[in-house]
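I have placed the structure first, in the form of structure tokens, so that the comments after it can refer back to it.
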Protein chains: 2
Amino acid sequence: MRDVARAVEMSPMTVSRALRGDETVNEKTRDRIRRVAADLGYVYDSTAQAFRTQKSGFVAVVLPSINNANFAETFRGLSDALTGSGVQLLLGSTNYRLEKEEELVGQLLTRNPEAIVLTGGHHTDVTRKLLENAKIPVIEIWDLPPDPVGHVVGFSNADAMSLIVQHLVRQGRRKLAFVGAAAGSDMRGVARRDGVIAAATALDLTQVAQIDAGPAPVSMRHGAEVVVKLGPAIATYDALVCVSDPVAFGVLNECRRLGIKIPDDVAITGFGHFEIAAVSSPRLTTAGVHANKIGRKVAGVLQDIFAGETSAQWIDVGSELVLGETS
Amino acid sequence: MRDVARAVEMSPMTVSRALRGDETVNEKTRDRIRRVAADLGYVYDSTAQAFRTQKSGFVAVVLPSINNANFAETFRGLSDALTGSGVQLLLGSTNYRLEKEEELVGQLLTRNPEAIVLTGGHHTDVTRKLLENAKIPVIEIWDLPPDPVGHVVGFSNADAMSLIVQHLVRQGRRKLAFVGAAAGSDMRGVARRDGVIAAATALDLTQVAQIDAGPAPVSMRHGAEVVVKLGPAIATYDALVCVSDPVAFGVLNECRRLGIKIPDDVAITGFGHFEIAAVSSPRLTTAGVHANKIGRKVAGVLQDIFAGETSAQWIDVGSELVLGETS
DNA sequence: TTGAAAGCGATACCAA
DNA sequence: TTGGTATCGCTTTCAA
């Protein structure tokens, strides 16, 4: 900046103002400074700015996995909505592990982000303390935590599952199995399983079977493997309620290979309304979640925060039953 | 840091050293300082460090889209391999647009990244100039640019397509159609189309038909729509060479709905070896690319760079023909 | 093994 | 409309 100042024979202060578009700098001067800066190949140093102003221009985002269409879509919604706002997203992923989240949050906070977005409402005690001490806005997404740290943009995984169970029961199906990761690894999976059990209990169903598909993240392959392992016996259930669409798709394909009729012999449902649900044949019955909308709503919350809003927001984006041909 | 220093009655300098694990600080002193810092809820300021040392600890990564399993997988491979190295990834996505890339690169460079990773070898002139002026290592991935800016970790999209075309021709198929985005939007798509045409020409095939599936990113839906539009006439081709697995899957599903026999009436091939290729039924013939490996190789290049290696690396991770049941 | 001084590049604040 | 000065929190360098 000093070099630019020398070149235009003005003070660095004026250059600083000009480059930021400060209106108090004469317009012609501003243009000239900008042109000279560009000619010199000057690159503005955001680090120095962040240091001086104590405003990093970063928002930290913690996702369980980036390689998941729905989380990626949330990130995209957020990213797109923030385009042009000058905010940069610092992304970290936890591989569905709370300890990794703790480490990540610690690292991210040293970057002095202006807000932090976390997936889910479950955190380690250390993480929670870090967040509370950080004195920056915290936004928990993809869940409706009973005791949120700050803002919330999510939906109830249990309620979404309840929609599915009620639908299946209306069809006269009573013997359900939940196909998902074993307890503990992915809290959203656990919430979905609990939602199924709660809904089943409320409707006086026989106990819901639980079919473990391995540790999160569970995917198409795991769904298929479950069916391979159980074989035709899997059709003794009335419905296979899967923790996600990819799992459901894997289950579906393998069932068809075995000659099991879907949905006549057994219904299959997914979760997430991934693209695969819509294009698979037969289409999957699933729970539609609004991944992109979560991202955009988070952007809205951030904009409110930057505009000075202080009250904690609680946004339930809801979910919906998406009827397919597998139930 | 001054507060911590006061609390332990030492100089900030010693605290700084202790927190970074400098061995010249007495071990007991180090532990005490660390404990006190934690008790005080002190959070290290990476911004100040980055400012003072002129080392940001950032590596910038530019992807066309984060909502694409393969790019996401590359990011994950890179991210995983960099875990614990103290490097943070600054992610930006271009939505397959070079102008967006230009803007993004400009923004990212102000953060003073220690290296920048770009997808593809095509950039605007301005982008290229920015990169050359930045004097930081540049790694282009997912392509083998004829005139790389710096390092390269990729594969030849054209060669991969050539493998597919040769395979189809060995089966006696001669009337090919390429299904992909219209020219210009996604350079990888263009490279694949050109690869098909070149391979077909080399094998004396009749002209390759080009079926536009809309602007990138093209997905399952677009593949399906192409078939809906053309109807049963699509089976007059011997093979539908699709720009990606999602597109191929959409094409496949819609063909089956129309009663077209795959691969008897027409072969279908994808690109990318996405999970969908393996679990679809029939499985897709596709080109296997090593997305995760690209990420890990990039991490390796970065580690070499940080270790002082200066020579530009050129890594071809290759691709392979993955035989499925659609050809 | 520890400490003092200087400075990274921007901007807040005050002055002209 | 423009400029001077101090300073953000850390680390490099030199000294003790």
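Note: hydrogens, waters and symmetry copies are ignored here, and every other heavy atom, side chains too, is used. Protein chains get the first letters and strands the later ones, always in sequence-line order, with residue 1 at the start of each. Just so it is clear, the structure is predicted and the values come from calculations on it, not from any experiment.
- Pairing each heavy atom of Phe51(A) with each of Ala48(B), the nearest pair is CE1-CB, 3.6 Å.
- One side chain, His123(B) or Glu140(B), offers a donor N or O that lies under 3.5 Å from an acceptor on the other.
- Remark: Asp39(A) does not engage Arg34(A) in a salt bridge, criterion side-chain N to carboxylate O under 4.0 Å.
- Using modelled atom types, one finds no donor on one side chain facing an acceptor on the other under 3.5 Å when comparing Arg128(A) with Thr124(A).
- Of all nucleotides in DNA chain D, those with any atom nearer than 4.0 Å to a heavy atom of chain A start and finish, going 5' to 3', at dT1(D) to dG9(D).
- Thr24(B) and Asp22(B) share a donor-acceptor pair across their side chains, judged by distance under 3.5 Å alone.
- Side chains of Asn26(A) and Arg30(A): a donor-acceptor N/O pair is absent below 3.5 angstrom, by distance only.
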### Message
At under 4.0 Å between heavy atoms, how does the protein contact nucleotides 1-9 of chain C? Give one character per nucleotide, 5' to 3', with B, S or -.
### Response
SBBB-BBBB
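- At most 12 non-hydrogen atoms from other residues, nucleotides or ligands lie less than 6.0 angstrom from CG of Asp125(A).
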